[in-house]
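Remarks on the structure that follows.
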Amino acid sequence: MTQTAAPKVVTRFPPSPTGALHLGGARTALFNWLYARHHGGRFVLRMEDTDRKRSKDEYVDSILEAMAWLGLDHDEGPYYQSQRFDRYRQAIDQLLEDGRAYWCHCSPEKLKQTREAAMAQGKKAMYDGACREAGLGPAEGAVVRFKGPRTGSTEFNDMVKGVISWANSEMDDLVILRSDSSPTYHLAVVVDDIDMGVTHVIRGDDHVPNTPRQILLYEALGATPPRFAHIPMILGPDKSKLSKRHGATSVVEFRDQGYLPEAMINALARLGWSHGDQEIFSIDELIELFDLDAVGKSPAVFDFEKLTRHNQRYIQKASLERLLELVTPFLARRGIKQFDQPTLVAALPHLTPRATTLVELADWAEPYLLEQPVMDPKAVKKFLKPQNQAVLQAVRGMVERVGVTDLGALEEAFRALCEELGLKMGKVAQPTRVALTGRTFSPGIFEVMAILGKDRVLKRLEAAMETAGG
RNA sequence: GGUCCCAUCGUCUAGUGGUCUAGGAUAUCGGCCUCUCACGCCGAAGACACGGGUUCGAGUCCCGUUGGGACUGCCA
């Protein structure tokens with residue numbers, strides 16, 4: 001007998017488009033994507049936009065953009081829950097018919113009062129089940145509630161946390177249809193995961209308390225629950241839930257700050273997951289190595305410094321061609337739209353070890369791409385002094401004579417010149433560096449000359465001599 | 001308050017009862033390299049939350065304490 005071709009693993013990522021894709025969501029998406037890819041399964045994208053007031057199209061676009069940037073491609077979707085209301089209604093009707101749900105006429109005000117009263121007495125703030133056995137029908141302002149069991153317990157074997165058991169008495173009857181006749185999250189998510197054949201639900205562990213109630217819903221709907229894997233949350237440096245006040249938290253912000261997607265992926269993957277002592281992983285390695293059994297249980301503080309370090313390494317590793325493409329928008333952003341590409345190509349290999357982000361890389365590249373470098377006033381004051389005019393003059397003469405193409409010859413001549421002047425290398429190199437780049441730091445002085453070429457070196461030295469003389 | 005989850009260097013983590021005087025990464029500090037700034041290399045400091053058990057033996061298993069977190073919505 002041959003088995004049907006139904007994929008054995010189907011994962012999904014269901015963001016609600018009420019904000020940009022955050023680090024936590026991105027990691028959840030990554031783990032789902034990796035799990036599907038590792039097992040040769042399918043990855044479904046679904047927008048949970050049942051809350052029509054808070055969901056916005058611009059967030060849908062922004063989430064899609066972030067996913068694409070990270071390279072997390074989906075095999076199905078994006079589905080939109082807002083387009084599946086008929087299906088949810090059908091499931092709710094079925095539940096009503098089967099006696100697994102009931103109409104509730106309690107007003108939000110009344111509910112709030114009972115809740116507060118319960119809290120005041122130090123009791124559990126749960127729905128009291130007033131309408132549970134009332135046999136009510138639909139009415140203006142009414143909702144439908146799921147009729148959950150009052151006794152026993154619901155248990156599941158979480159793939160990262162192990163067995164988790166929940167007393168049914170701890171769960172009240174949750175609303176599945178709102179008074180505006182839209183379905184709630186719990187109902188929609190379960191119906192969708194059934195319809196879409198989801199086999200593994202990998203999500204943040206803030207969903208742990210939702211899981212037993214959803215399992216009950218699966219059973220009421222006559223479906224087998226999927227496997228669950230609850231991954232620990234990502235925290236800010238103060239160990240509280242990561243939020244805006246911790247700095248950049250949305251994926252596109254990192255992109256705009258000059259981070260490479262593979263650095264993001266690497267950093268995110270290592271948060272809660274590990275493979276021995278290995279720190280650097282390519283996408284292919286992650287797909288090959290990733291599995292849920294190596295996911296940790298405890299929450300993790302996001303380490304921005306480590307991400308930056310990863311980013312620096314990835315910038316160093318990137319091909320010249322890609323770097324060119326990556327850095328161009330960042331150059332444009334600082335007003336450098338037209339420039340001599342060969343100069344940038346020559347400069348880039350010397351710049352990458354010095355840049356931790358693409359923003360910095362563009363900054364490092366600037367002196368070589370501008371007609372005249374922007375002179376740092378402090379550097380000018382310190383190094384382009386009258387007494388250095390002669391030094392610059394001597395360097396100019398040397399460059400005129402030996403050129404800048406033969407680095408060996410250039411260095412030899414430069415050192416000879418220092419000796420001749422009776423000056424240490426640094427005393428000659430620093431004024432030259434400022435003359436050529438406008439700054440006190442740069443790649444090696446000979447590399448700088450080679451990048452600029454003889455003509456520009458001579459021109460800049462002359463300009464600097466004038467500055468020093470004046 | 002209740003329910004549930006979690007607990008190794010500052011941070012991310014390795015560690016699945018003996019090989020742990022606890023390993024790696026990052027951050028910090030020191031050194032080397034050196035024309036500056038980086039990169040790179042070498043080195044230092046730095047952790048098993050606490051208390052009970054189980055065991056010949058516990059970072060590893062069990063219980064408790066403490067601490068942290070999540071949930072407790074007609075948000076998802």
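Side-chain atoms are counted along with the backbone in the values below, which use heavy atoms only and exclude waters and symmetry mates. This structure is a prediction, so every number in the text was calculated from the model and none was measured. Letters A, B, ... are given to chains in the order of the sequence lines, protein chains preceding strands, and every chain is numbered from 1.
Side-chain atoms of A:T114 come within 3.5 Å of backbone atoms of A:L111 as a donor-acceptor pair (strictly under, hydrogens ignored). No side-chain donor-acceptor contact under 3.5 Å links A:T352 to the backbone of A:Q316.
Checking B:A70, B:C39, B:C35 against the side-chain heavy atoms of A:D206 singles out B:A70 as nearest. Listed nucleotides: B:C12, B:C35, B:C39. Nearest to the side chain of A:Q316: B:C39. Of all nucleotides listed (B:U13, B:U11, B:A38), B:U13 comes nearest to the side chain of A:R270. Distances were taken from every side-chain heavy atom of A:F441 (C-beta onward) to each of B:C37, B:C74, B:C75; the shortest belongs to B:C37. For A:T50, whose side chain is taken as the heavy atoms from C-beta onward, the closest listed nucleotide among B:C5, B:A76, B:C6 is B:A76. Distances were taken from every side-chain heavy atom of A:K161 (C-beta onward) to each of B:C4, B:C5, B:C39; the shortest belongs to B:C5. The listed nucleotides are B:G24, B:A38, B:A76; the one nearest the side chain of A:H207 is B:A76. Listed nucleotides: B:A25, B:C74, B:U3. Nearest to the side chain of A:L111: B:C74. If you check B:C75, B:U3, B:U36 against the side chain of A:W166, the one that comes closest is B:U3. Listed nucleotides B:U36, B:U3, B:C12 differ in distance to A:A300; the shortest reach to its side chain belongs to B:C12.
Look at B:G46: it lacks any Watson-Crick or wobble partner with both distances under 3.5 angstrom. Using Watson-Crick or G-U wobble geometry with both donor-acceptor distances under 3.5 Å, B:G1 finds its partner in B:U72. With a 3.5 Å ceiling on both atom-pair distances, the Watson-Crick or G-U wobble partner of B:A7 is B:U66. Shown here, B:U34 forms no base pair; nothing in the strands shown gives a Watson-Crick or G-U wobble contact with both key distances under 3.5 Å.
Here A:H230 lies out of heavy-atom contact (under 4.0 Å) with every strand. Residue A:C104 is out of contact with every strand shown, counting any heavy-atom pair closer than 4.0 Å. Contacts of A:P15 with the nucleic acid, taken as non-hydrogen atoms under 4.0 Å apart, are absent. A:F446 comes within 4.0 angstrom of a nucleotide base, judged by non-hydrogen atoms across all strands. Nucleic acid contact for A:I445: base, since at least one base atom lies under 4.0 Å from a heavy atom of the residue. Note on A:S274: only backbone sugar-phosphate atoms sit closer than 4.0 angstrom, heavy atoms only; bases stay farther off. A:G204 comes within 4.0 angstrom of no nucleic acid atom, judged by non-hydrogen atoms across all strands. Residue A:E279 is in base contact, counting any heavy-atom pair closer than 4.0 Å across all strands shown. Contact annotation for A:G162: no contact, since no heavy-atom pair falls under 4.0 Å across all strands.
Looking at residues 350-363 of chain A, you'll see A:P353, A:R354 sit with a heavy atom under 4.0 Å from some atom of RNA chain B.
Of the options A:R145, A:R213, A:R132, a side chain to side chain donor-acceptor pair (under 3.5 Å) to A:D172 is made by A:R213 and by none of the others.
Distance CG/A:L392 to CZ/A:R460: 14.0 Å, rounded to 0.5 Å. Rounded to the nearest 0.5 Å, atoms OG1 (A:T18) and CD (A:E48) are 10.5 Å apart.
Rounded to whole Å, the distance from CG on A:D51 to C1' on B:G73 is 11 Å.
Comment: A:D51 engages A:R54 in a salt bridge, judged by a side-chain N to carboxylate O separation of less than 4.0 angstrom. Salt bridge A:R46/A:D193: present, at least one basic N to carboxylate O contact under 4.0 Å.
For A:S442 against B:C37, a side-chain-to-base donor-acceptor contact under 3.5 Å is absent. In terms of polar N and O atoms assigned as donor or acceptor, the side chain of A:N210 comes within less than 3.5 Å of the base of B:A76 in a complementary pairing.
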Using atom names, set out every protein N or O paired with an N or O of nucleotides 26-34 of chain B below 3.5 Å, distance rounded to 0.1 Å.
{"from": "B:U26", "atom 1": "OP1", "to": "A:R313", "atom 2": "NH1", "distance (Å)": "3.3"}
{"from": "B:U26", "atom 1": "OP1", "to": "A:R313", "atom 2": "NH2", "distance (Å)": "2.7"}

Task: Derivation of the ring-ring contact (aromatic ring centres under 6.0 Å, His included) call for A:W273 and A:F31 - done: CA-CA 9 Å; A:W273 175 84; A:F31 280 18; 7.7 Å; no
TODO: Start with the C-alpha gap between A:Y102 and A:F146, add the side-chain angles, then the distance that decides, and say whether ring-ring contact (aromatic ring centres under 6.0 Å, His included) holds.
DONE: CA-CA 7 Å; A:Y102 60 92; A:F146 175 64; 9.2 Å; no
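Residues A:D49 and A:S16 have side chains that never bring a donor and an acceptor to within less than 3.5 angstrom of each other.
Across the interface with RNA chain B, nearest-nucleotide mapping of A:W364 and A:A142 shows A:W364 to be the residue nearer the 5′ end.
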